[in-house]
Asks: 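My questions will all concern the structure given below.
Here is how names work: the chains are called A, B, and so on, in the same order as the sequence lines, proteins then strands, and each is numbered from 1. Everything numeric here is computed off the predicted structure, so don't read it as measured data.
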Protein chains: 2
Amino acid sequence: MQKFANDPDPRRLLCFNVYAAHHAFNRFYQPLLEPLGLTYPQFLVMIALHRQDGRGVGSLAEELMLETNTLSPLLKRIEGMGLITRRRSQEDERRVDVFLTDQGRDLAVRAAEIPDCIAECFDGNETTYRMMINALTNLRQMLAKPEE
Amino acid sequence: MQKFANDPDPRRLLCFNVYAAHHAFNRFYQPLLEPLGLTYPQFLVMIALHRQDGRGVGSLAEELMLETNTLSPLLKRIEGMGLITRRRSQEDERRVDVFLTDQGRDLAVRAAEIPDCIAECFDGNETTYRMMINALTNLRQMLAKPEE
DNA sequence: CCCATTTATATCGCACACGATAGAATCGCA
DNA sequence: TGCGATTCTATCGTGTGCGATATAAATGGG
């Protein structure tokens, strides 16, 4: 069995680097999201809804790769902020469809500008940016594979 | 201003891919950690302590890039499991030094084997593995930069 | 030497994230 | 058609993560 991923130093583990990069992103975004009154997961939901709203909770969860029980309380909170409305679907009474309010749409437009700050961090190096996205997408697929 | 990081689809945002990879790692590790009775952050703490114990909470927090208020309750929990002991430092009564118990050390040795499963996922492709660690380390540094 | 400042840790409140569970609506098959 | 199985969402419990705050110990300048 290959041993190259075995290292006593957490900083040389891939899992730790993903974990730490996640926190680093949160810390980078926090001051940018604070004026909008959004947390990072709320930001992602607003972006997803801006692309397409009128969707059920499960559809959102699938797109963001979260469980619906994670989204339920989050949606209730941003509904309380007046950013979305939730309505039982007519065609399937089990479903709860989520719609952006006018206020929510305005906020989503402002939120969508935030990732431009990342391009600035990359100093215009688009290739590196795209390669990292590809690498992380591949990683996800490898980790999701049942066993091998 | 460069706009290449601007995308209406969350799945094409770098921040989302880091976020999703973090969750994917958690889901991959969960069944491997469950037999050890550890959560993922507890796993990291055990690895860090296995490399060097008898350290203060702040030292651990710095290595894992967390706040000490995140570690305090976590350490209390794994102390309750009998994996570590906490003792006020003699030389500085403010500090609480953390030591692995014998049981904790045994568990850390077993935990340290888990990342080998990742090498298997990478199908022996060590170069890709190392390049991703480098890329994520660079990303962290870019995100930590004050402004530019 | 004394007291204001700093440092180290802990506690609290809030918001995820998920497994387990509940409850309602829909589906599917006999 | 009827009823068990499935699907969709919500609630609960536990464990992070962090900002704000508290407390005690160490430090340092007058």
Side-chain angles (χ1 to χ4, degrees), chain A residues 15-16 18-31 33-34 36-46 55-62 64-81 83-84 86-98, chain B residues 15-16 18-31 33-34 36-46 55-62 64-81 83-84 86-98:
Chain A
C15 60
F16 173 76
V18 169
Y19 174 81
H22 166 64
H23 296 332
F25 251 119
N26 266 325
R27 286 189 277 263
F28 183 88
Y29 270 67
Q30 199 279 332
L33 289 171
E34 199 269 350
L36 307 186
L38 294 176
T39 65
Y40 178 67
Q42 289 167 3
F43 158 81
L44 286 180
V45 167
M46 295 303 287
R55 315 155 65 185
V57 179
S59 161
L60 264 177
E62 193 180 1
L64 301 178
M65 303 203 236
L66 297 171
E67 303 300 317
T68 61
N69 54 1
T70 298
L71 285 182
S72 278
L74 187 154
L75 292 171
K76 185 182 273 193
R77 273 187 287 273
I78 64 177
E79 183 182 41
M81 298 180 208
L83 303 180
I84 62 168
R86 290 188 296 169
R87 200 170 61 235
R88 285 271 160 205
S89 167
Q90 294 304 326
E91 53 189 63
D92 186 342
E93 291 275 337
R94 291 171 303 182
R95 226 167 57 218
V96 171
D97 288 333
V98 182
Chain B
C15 61
F16 173 75
V18 169
Y19 174 81
H22 166 65
H23 296 331
F25 251 119
N26 266 325
R27 288 189 275 264
F28 182 88
Y29 270 67
Q30 199 277 333
L33 288 170
E34 198 268 352
L36 306 185
L38 293 175
T39 65
Y40 179 69
Q42 290 168 0
F43 158 81
L44 285 179
V45 167
M46 295 302 287
R55 315 154 66 185
V57 178
S59 162
L60 263 178
E62 193 178 359
L64 300 178
M65 304 202 236
L66 296 171
E67 303 301 317
T68 61
N69 54 2
T70 297
L71 285 182
S72 279
L74 187 154
L75 292 171
K76 185 182 273 193
R77 267 177 228 114
I78 64 178
E79 183 182 40
M81 299 182 209
L83 302 180
I84 62 167
R86 290 188 295 169
R87 201 169 60 234
R88 285 272 161 206
S89 166
Q90 294 303 325
E91 53 189 61
D92 187 341
E93 290 274 338
R94 289 171 304 181
R95 229 169 54 220
V96 171
D97 287 332
V98 181

Asks: Identify which one of B:Ile78, B:Leu75, B:Leu71 satisfies the side-chain contact (heavy atoms from CB on, under 4.5 Å) criterion when paired with B:Val98.
Replies: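 Passing option: B:Leu75.
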Asks: Using a heavy-atom cut-off of 4.0 Å across all strands, would you classify A:Asp92 as base, sugar-phosphate, or nothing?
Replies: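 If one applies the 4.0 Å heavy-atom cut-off, A:Asp92 turns out to touch the sugar-phosphate alone, with no base involved.
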Asks: With heavy atoms under 4.0 Å as the rule, sort B:Arg77 into base, sugar-phosphate or nothing.
Replies: base
Asks: Please figure out whether A:Glu93 or A:Tyr40 has its closest DNA chain C nucleotide nearer the 5' end.
Replies: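 Nearest nucleotide further toward 5': that of A:Tyr40.
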Asks: Test B:Ser89 against every option in B:Arg87, B:Glu93, B:Glu91 by the side-chain contact (heavy atoms from CB on, under 4.5 Å) rule and name the one that passes.
Replies: B:Glu91
Asks: How is B:Leu74 classified with respect to the nucleic acid when contacts are heavy atoms under 4.0 Å: base, sugar-phosphate, or nothing?
Replies: sugar-phosphate
Asks: When all nucleic acid strands are considered with a 4.0 Å heavy-atom cut-off, which category describes B:Thr68: base, sugar-phosphate, or nothing?
Replies: base
Asks: Using modelled atom types and a 3.5 Å cut-off, is there a donor and acceptor pairing between side-chain atoms of A:Gln42 and backbone atoms of A:Thr39?
Replies: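 Between the backbone of A:Thr39 and the side chain of A:Gln42 there is a qualifying donor-acceptor contact (under 3.5 Å).
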Asks: Using a cut-off of 4.0 Å on non-hydrogen atoms, how would the nucleic acid contact of A:Arg86 be classed: base, sugar-phosphate, or nothing?
Replies: sugar-phosphate
Asks: Can you find a donor-acceptor N/O pair under 3.5 angstrom joining the side chain of A:Asn69 to the base of C:dG19?
Replies: yes
Asks: Hey, does the side chain of A:Arg88 reach the backbone of A:Arg94 with a donor-acceptor pair shorter than 3.5 angstrom?
Replies: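 Checking the backbone N and O of A:Arg94 against the side chain of A:Arg88, a donor-acceptor pair under 3.5 Å is found.
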Asks: Looking for any heavy atom pair under 4.0 Å, which part of the strands does A:Gln30 touch: base, sugar-phosphate only, or nothing?
Replies: nothing
Asks: Let me know, please, whether A:His23 or A:Val96 comes out on the 5' side of the other along DNA chain D by nearest nucleotide.
Replies: A:Val96
Asks: Check whether any side-chain nitrogen or oxygen of A:Arg95 sits under 4.0 Å from OP1 or OP2 of C:dA25, and answer yes or no.
Replies: no
Asks: What is the distance, rounded to the nearest whole Å, between atom CG of B:Asp97 and atom P of C:dA8?
Replies: 12 Å
Asks: Does B:Tyr40 use its side chain to pair, donor to acceptor, with the backbone of A:Cys15 at less than 3.5 Å?
Replies: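 Confirmed, B:Tyr40 side chain pairs with A:Cys15 backbone.
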Asks: OP1 or OP2 of C:dC16 less than 4.0 angstrom from a side-chain nitrogen or oxygen of B:Tyr19, does that happen here?
Replies: no
Asks: Starting at atom CZ of A:Arg94, determine the distance to atom P of D:dT6, rounded to an integer number of angstrom.
Replies: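 Between P of D:dT6 and CZ of A:Arg94: 13 Å.
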Asks: For A:Leu66, answer base if it contacts any base atom (sugar-phosphate contacts may also be present), sugar-phosphate if it contacts only those atoms, and nothing otherwise; contact means non-hydrogen atoms under 4.0 Å.
Replies: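 The residue A:Leu66 makes sugar-phosphate contact but no base contact.
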Asks: Rounded to the nearest angstrom, tell me the gap between atom CG in A:Leu71 and atom C1' in D:dC8.
Replies: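 So the two atoms are 13 Å apart, to the nearest Å.
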Asks: I need the CG-C1' distance between B:Leu44 and D:dG15, as an integer number of Å.
Replies: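 B:Leu44 atom CG is separated from D:dG15 atom C1' by 14 Å.
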Asks: OP1, OP2 of C:dT9 versus side-chain N and O of B:Ser72: anything below 4.0 Å?
Replies: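 No, no such contact exists.
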Asks: At under 4.0 Å between heavy atoms, what does B:Thr70 touch on the DNA or RNA strands: base, sugar-phosphate, or nothing?
Replies: base
Asks: For B:Gln42 and for B:Glu91, find the nucleotide of DNA chain D with the closest heavy atom, then tell me which residue's nucleotide is more 5'.
Replies: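 By nearest-heavy-atom nucleotide position, the 5'-most residue is B:Gln42.
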Asks: In whole angstroms, how far is the P atom of C:dC14 from the CE atom of A:Met81?
Replies: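 Going from CE in A:Met81 over to P in C:dC14 covers 13 Å.
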Asks: In this structure, how many angstroms lie between the P atom of D:dA26 and the CD atom of B:Gln90, rounded?
Replies: 11 Å
Asks: Roughly how many Å is it from CG in A:Asn26 to C1' in D:dT16, rounded to a whole number?
Replies: 12 Å
Asks: Rounded to whole Å, how long is the line connecting atom CD of A:Glu67 with atom P of C:dA22?
Replies: 18 Å
Asks: Please state whether the phosphate of C:dT9, meaning OP1 or OP2, lies under 4.0 angstrom from any side-chain nitrogen or oxygen of B:Lys76.
Replies: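 Result: no.
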Asks: Taking the six-membered ring for Trp, are B:Tyr29 and B:Phe43 closer than 6.0 Å centroid to centroid?
Replies: yes
